[in-house]
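Accompanying notes for the structure given below.
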Amino acid sequence: MCMKGTLDIKNFTRRKAPGLPFADVAHAVLPGWDISLVFAGETRAQALNVALRGKDYIPNVLSYEAGPESGEIIICPLVADRQAPSYDLSPKNYCLFLFIHALLHLKGQRHGATMERYERAYLARFIHPSTSHGTTHRNRH
């Protein structure tokens with residue numbers, strides 16, 4: 001991977017990766033960590049979910065530790081696009097929400113009220129209010 005405290009983004013989809021402050025968010029949530037962010041299509045995301053978690057469905061986001069203070073996050077933009085309206089977020093902001101959610105899992109957070117508070121706080125800090133439809137408090141992945 002890269003140097004300490006970096007973000008490496010790879011896009012394995014045919015669409016342009018969303019222009020979001022991923023590096024700033026990663027630094028805020030997990031300072032000093034090396035994070036690899038991968039945008040994957042549905043086939044690749046499902047295959048990774050089977051390989052990493054033994055679950056056979058297309059996930060919106062996956063995260064796992066790749067070493068000490070090193071993690072990988074996989075986001076499936078097509079799934080995120082479909083789920084965004086149910087979270088009252090634009091697809092772009094929901095993608096940022098999924099990234100935050102995954103970072104919090106890498107930090108050791110489990111689903112629950114504390115995680116939801118952190119998600120809302122980070123989302124509010126890093127999105128512009130005019131691009132959001134609202135914030136979420138539901139976790140589904």
Side-chain angles (χ1 to χ4, degrees), residues 1-112 114-141:
M1 185 148 343
C2 307
M3 298 181 333
K4 203 69 168 151
T6 60
L7 175 70
D8 182 34
I9 300 175
K10 289 187 174 45
N11 184 3
F12 294 108
T13 69
R14 294 175 193 248
R15 61 179 22 191
K16 186 176 186 232
L20 291 164
F22 293 115
D24 294 340
V25 174
H27 179 71
V29 179
L30 291 172
W33 276 57
D34 291 324
I35 301 294
S36 174
L37 172 59
V38 174
F39 293 98
E42 292 178 312
T43 302
R44 186 182 301 248
Q46 185 171 9
L48 287 167
N49 201 22
V50 169
L52 296 170
R53 301 178 62 226
K55 305 220 178 201
D56 192 14
Y57 64 88
I58 304 167
N60 54 16
V61 67
L62 293 169
S63 63
Y64 63 92
E65 284 192 45
E69 294 191 353
S70 175
E72 179 139 346
I73 296 171
I74 299 110
I75 294 176
C76 184
L78 291 173
V79 174
D81 285 355
R82 288 193 297 268
Q83 292 177 345
S86 68
Y87 285 80
D88 200 24
L89 289 170
S90 69
K92 187 174 179 178
N93 287 335
Y94 185 61
C95 189
L96 188 62
F97 168 80
L98 291 174
F99 184 66
I100 292 166
H101 184 83
L103 289 169
L104 289 170
H105 274 309
L106 289 173
K107 191 172 184 170
Q109 286 289 318
R110 295 186 170 272
H111 293 161
T114 300
M115 184 178 202
E116 291 169 8
R117 256 192 324 277
Y118 283 124
E119 288 168 340
R120 284 192 299 274
Y122 283 119
L123 196 59
R125 178 174 165 189
F126 288 103
I127 63 171
H128 190 275
S130 67
T131 61
S132 174
H133 301 273
T135 56
T136 180
H137 62 277
R138 293 174 286 171
N139 290 313
R140 279 188 253 154
H141 73 276

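- Of all the heavy atoms in Tyr94 and Ala84, the pair that sits closest is CB-CB, 3.7 Å.
- For the pair Cys95 and Ile75, the minimum side-chain heavy-atom distance is below 4.5 Å.
- For the residue pair Asp34 / Thr6, a side-chain donor-acceptor distance below 3.5 Å is found, with atom types taken as modelled.
- Contact of the Pro18 side chain with the Phe39 side chain is registered, since non-hydrogen atoms from C-beta on lie closer than 4.5 Å.
- At a threshold of 4.5 Å between non-hydrogen side-chain atoms, the residues Ile73 and Ser63 count as touching.
- Considering every non-hydrogen atom in both Ala45 and Ala40, the closest pair reads N-CB, 4.2 Å.
- The CG atom of Leu7 sits 7.5 Å away from the CD1 atom of Ile35 when rounded to the nearest 0.5 Å.
- Within the 4.5 Å cutoff, no side-chain heavy atoms of Tyr122 are placed close to those of Leu96.
- Put simply, the side chain of Lys92 reaches to within 4.5 Å of the side chain of Leu20, judged on heavy atoms.
- A distance of 12.5 Å separates CD1 in Ile74 from CG in Leu98, rounded to the nearest 0.5 Å.
- Interatomic distance, His105 NE2 to Met115 CE, rounded to the nearest 0.5 Å: 3.5 Å.
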(message) Between Val50 and Lys55, is the side chain to side chain contact (heavy atoms under 4.5 Å, CB included) condition met? List the steps.
(response) CA-CA 5 Å; Val50 169; Lys55 305 220 178 201; over 6 Å; no
(message) I'd like to know whether Lys10 forms a salt bridge (charged side-chain N to carboxylate O under 4.0 Å, His left out) with Glu72, so could you lay out the CA-CA distance, the side-chain angles of the two residues, the decisive distance to 0.1 Å, and finally the verdict.
(response) CA-CA 11 Å; Lys10 289 187 174 45; Glu72 179 139 346; over 6 Å; no
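- By the 4.0 Å N-to-carboxylate-O rule, Asp81 lies close enough to Arg15 to be salt-bridged with it.
- Residues that satisfy the side chain to side chain contact (heavy atoms under 4.5 Å, CB included) test with Glu65, not counting sequence neighbours, are Trp33, Leu106.
- A donor and an acceptor atom, one from each side chain of Gln46 and Tyr57, are nowhere located under 3.5 Å apart.
- Between Leu103 atom CG and Gln109 atom CD the span is 11.5 Å, to the nearest 0.5 Å.
- Side-chain contact check for Leu104 versus Val29: some heavy-atom pair is nearer than 4.5 Å.
- Smallest separation of non-hydrogen atoms from Ile100 and Leu123: CD1-N, 3.7 Å.
- The CD1 atom of Ile58 lies 7.0 Å from the OG1 atom of Thr43; values are rounded to the nearest 0.5 Å.
- Rounding to the nearest 0.5 Å gives a distance of 8.5 Å between NE2 of His27 and CG of Asp24.
- Across all their heavy atoms, Thr13 and Gly41 have their closest contact at CG2-N, 3.8 Å.
- By the 30° and 60° cut-offs, the orientation of the rings of Tyr87 relative to Phe97 is tilted.
- Take Lys107 and apply the salt bridge (charged side-chain N to carboxylate O under 4.0 Å, His left out) test, not counting sequence neighbours, and it matches no residue.
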